[in-house]
Q: 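Take this structure first; my questions come after.
Within every chain, numbering begins at 1; the chains are lettered A, B, ... in the order of the sequence lines, protein sequences first and strands thereafter. This one's a predicted model, so the numbers in the text were calculated from it and none came from an experiment. Quick note: numbers below take in every heavy atom, side chains included, and nothing from hydrogens, waters or symmetry partners.
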Amino acid sequence: MDLKGYFGRFGGRFVPETLIPALEELEEAFYKAINDEAFMAQYRYLLKDYSGRPTSLYFADRLSKHLGDIKLYLKREDLNHTGAHKINNVLGQILLALRMNKKRIIAETGAGQHGLATATAAAKFGLECHIYMGLEDMHRQALNVYKMRTLGAEVIPVTSGTMTLKDATNEAIRDWVTNVSTTHYVIGSVVGPHPYPMMVREFQRVIGDETKEQILQKEGRLPDLLVACVGGGSNSMGMFYPFVNDKDVKMVGVEAAGYGIETGQHAAALTGGSVGVLHGSRSYILQDGNGQIVPAVSISAGLDYPGVGPEHSFYHETGRVHYTHATDDEAIEAFKLLCETEGIIPALESAHALAFLVREHKNIEPGTLAVLCLSGRGDKDMEAIKGKLFEEEM
Amino acid sequence: MKTLNEAFDAGKILIPYIAAGDPDLDTTAEIIGELDKLGVGIIEVGMPFSDPLADGPIIQAASQRALAGGTNISRIFKMLEELRDVKTPIVLMGYFNPIMKYGEKSFIEDALSCGVSGVLIPDLPFDEGKEFYDICSEKGLCPIYMVTPNTKEERLSQIGSKARGFLYCVSLLGITGDKRGPIEGIKSYMERVRSHVSVPLALGFGIDSPDKITAVKPYVDGIVIGSAIVNIISEKADMGRKAIVNEVSVFTSALIDALRTALQP
């Protein structure tokens, strides 16, 4: 990444002038903080004792058998406090907000996992918290809405546009523009203007750092393959980044193909989109011929976003990471498979990553040592998936 | 058509903003004609975007209506092409993604060829858009930069050295149509900006009435009125083109009067 926050030709700071001082302040505070041992000690302490890290790297033996000759480990981010990897980033950013003396926290949320993590950390540190959430997503993820409200956050329904994550992000940015001097905006993924993509990656890299240590301990070697789902791309970036220079480790990012790329109803910015500017950075996005943003479609509220982090766009173009996709139906199949073989109910987002292995395992070299990032647990999706799993009885 | 510099020759000016294509481009064209007759200083024409993150609900809704009606950059150019007898300079306002998709160089060329004087892109700060804005300046399309009450001195002077036509001073920390605008201390804000900038200063965001114009006019060279006008257009949308144009005309005249009335001692 260069000094202006570019990964190759992706990234940058495409925001209203009002936000420039806040982004400069944030960038400076971030660099100071990560070089401050006291800050990092507090961050690591919270990850360990509050969130329960390190999360386990679990050998999924029955699932592995089902996938033929692949030896598959699951990085259990679902075991984090609040049920997903999102808390890793939120704890880092909340500590930063405290250092910057910002007493008001805002965030956008799609599946509600990032909103929940933010509401949780805000409660823990006694900060005022406002979560923007598309009305459509509030219906899909009602449980998380109740949780956030229970934790004292105000959940603000967003009724503009498609009423999903993209619109919640617009509203959060508008709020930040308006309240910039008192407020920190906790972006939940490796998206947005510089320094967010880099900063969120640094707060999520604990996933990959731990995985590396754990796999060396268990297998005595690095994995051959890493697989993770990609919406904005924070769990995948956290998993991939520490392995980027390990040339023999293949990486696969799985986007949400919704009803199928060919239908145009999907959320796959890299594999089905083109380069543009959305929410503060240049990256791959879903857009029409006039440069208007096309709504994303996915059964998974957390992947239902028409953009992707700029660093992913960079790895897509350099070929360092292979990006592919899985449809709603494939994700549901994978979801069932994980429940039945391992007794683990995954988030629908993470089920997309597994769907790639289910579909492609026959083309993967026998004996491959693979790690899949199980980014979150599926409690929040039970309502959404109920009708899909037990249609005949409904 | 006058240049942006000439627009400020006659004293303090009103800069109305309208959302192109709301409710349709033929109405937009008629409104532009009417504003021209009324003697506004510059007309700001908004190009719709699906995700206008610097705009409040009024302009968001107008953008949605314009998009639903099929408005795009090519059609806006076509409309402007046919307004050759308008004397008031026109500045296009829009977000960067549709411009990128249209093609940055083609956008600049086509804007110039239909008589546009300047372009204002709220999500493309001067340093992020350096390459684009340099081509604009070189070809004669004025890049209109924005500054805000929290813009630091060093940045103000960098922006000041690049500014052409006029500088758009955002009246508060907020989005368009924010009723709180402008901030208190507008005098010192404008003085601070003026110490770094030689082009005329226009103030916008949240200025929605003759009274607010009267309050801020001593300190500025131009005043942008956006959401208040767009709101009138949306309220009169059902009553037909003639009623819309008439209402906009009455409101704008009152604004111009407020601007031109000598300050009471």
Q: Go through the atoms of A:I20 and report whether side chain, backbone, both or neither lie under 4.5 Å from a heavy atom of chain B.
A: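 Only the side chain of A:I20 comes within 4.5 Å of chain B.
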Q: Are A:Y315 and A:M237 close enough that some pair of their side-chain heavy atoms sits under 4.5 Å apart?
A: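 With C-beta onward as the side chain, the pair touches.
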Q: What part of B:I159 lies closer than 4.5 angstrom to a heavy atom of chain A: side chain, backbone, both or neither?
A: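 Just its side chain gets close to chain A.
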Q: Which region of B:I73, side chain (C-beta onward) or backbone (N, CA, C, O), has a non-hydrogen atom less than 4.5 Å from a non-hydrogen atom of chain A, or is it both or neither?
A: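 It is neither, since no heavy atom gets under 4.5 Å.
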Q: Please state whether the side chain, the backbone, both or neither of B:P52 comes within less than 4.5 Å of a heavy atom of chain A.
A: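 Contact with chain A: backbone and side chain both.
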Q: Among A:G280, A:S274, A:G276, A:P193, which has the most heavy-atom pairs under 4.5 Å with chain B?
A: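 The residue among A:G280, A:S274, A:G276, A:P193 with the greatest pair count is A:G276.
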Q: Pick from B:Q60, B:R180, B:Q64, B:K152: which one has the most heavy-atom pairs with chain A under 4.5 Å?
A: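 It is B:Q60.
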Q: Which one, B:R155, B:M100, B:M146, leads in non-hydrogen pairs under 4.5 Å with chain A?
A: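 Ranked by heavy-atom pairs under 4.5 Å with chain A, first place is B:R155.
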Q: May I ask you to decide if A:P197's main-chain N or O and A:E311's side chain share a donor-acceptor pair within less than 3.5 Å?
A: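 Absent.
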Q: With only heavy atoms counted, which part of B:D55 is less than 4.5 Å from chain A, the side chain, the backbone, both or neither?
A: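 When you check distances to chain A, only backbone atoms of B:D55 fall under 4.5 Å.
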Q: Check each atom of A:I285 against the heavy atoms of chain B and say whether the ones under 4.5 Å are side chain, backbone, both or neither.
A: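 When you check distances to chain B, only side chain atoms of A:I285 fall under 4.5 Å.
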Q: Which answer fits B:P122, side chain, backbone, both or neither, if we ask what part of it has an atom under 4.5 Å from a heavy atom of chain A?
A: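 For B:P122, backbone heavy atoms alone lie under 4.5 Å from chain A.
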Q: Students often mix this up, so state it plainly: with edges at 30° and 60°, are the rings of B:Y168 and B:F205 parallel, tilted or perpendicular?
A: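 Because their plane-to-plane angle is over 60°, the rings of B:Y168 and B:F205 count as perpendicular.
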Q: Quick one: does B:N97's side chain have a donor or acceptor within less than 3.5 Å of a partner on A:G291's backbone?
A: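 A pair under 3.5 Å: yes.
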Q: Is chain A contacted by the side chain of B:Y102, its backbone, both, or neither, given a heavy-atom distance below 4.5 Å?
A: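 For B:Y102, there is no contact with chain A at all, as no heavy atom is under 4.5 Å.
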Q: Provide the full list of ring-ring contact (aromatic ring centres under 6.0 Å, His included) pairs with a residue in residues 271-291 of chain A, sequence neighbours left out, each pair given once.
A: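 Applying ring-ring contact (aromatic ring centres under 6.0 Å, His included) to every pair that reaches into residues 271-291 of chain A, excluding sequence neighbours, yields A:F10-A:Y284, A:H279-A:Y305, A:Y284-A:H316.
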Q: Are A:M100 and A:E25 close enough that some pair of their side-chain heavy atoms sits under 4.5 Å apart?
A: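 Yes. Closest side-chain heavy atoms under 4.5 Å.
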Q: Please flag which part of B:L67 lies under 4.5 Å from any non-hydrogen atom of chain A: side chain, backbone, both or neither.
A: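 When you check distances to chain A, only side chain atoms of B:L67 fall under 4.5 Å.
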Q: Specify which of A:N170, A:L19, A:T162 makes the most heavy-atom pairs with chain B at under 4.5 Å.
A: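 Winner by heavy-atom pair count: A:N170.
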Q: Kindly state each residue pair satisfying salt bridge (Lys or Arg N to Asp or Glu O under 4.0 Å) with at least one member in residues 274-296 of chain A, sequence neighbours excluded.
A: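 Every pair satisfying salt bridge (Lys or Arg N to Asp or Glu O under 4.0 Å) with a residue in residues 274-296 of chain A: there are none.
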Q: Less than 3.5 Å apart, any donor N or O on the side chain of B:S113 or B:D110 sitting next to an acceptor on the other?
A: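 Looking only at side-chain atoms, B:D110 and B:S113 do not form any donor-acceptor pair under 3.5 Å.
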Q: With a 4.5 Å heavy-atom cut-off, do A:N89 and A:H114 have their side chains touching?
A: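 Yes - at least one pair of side-chain heavy atoms lies under 4.5 Å apart.
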Q: Can you tell which part of A:S160 gets under 4.5 Å to a heavy atom of chain B, answering side chain, backbone, both or neither?
A: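 When you check distances to chain B, only side chain atoms of A:S160 fall under 4.5 Å.
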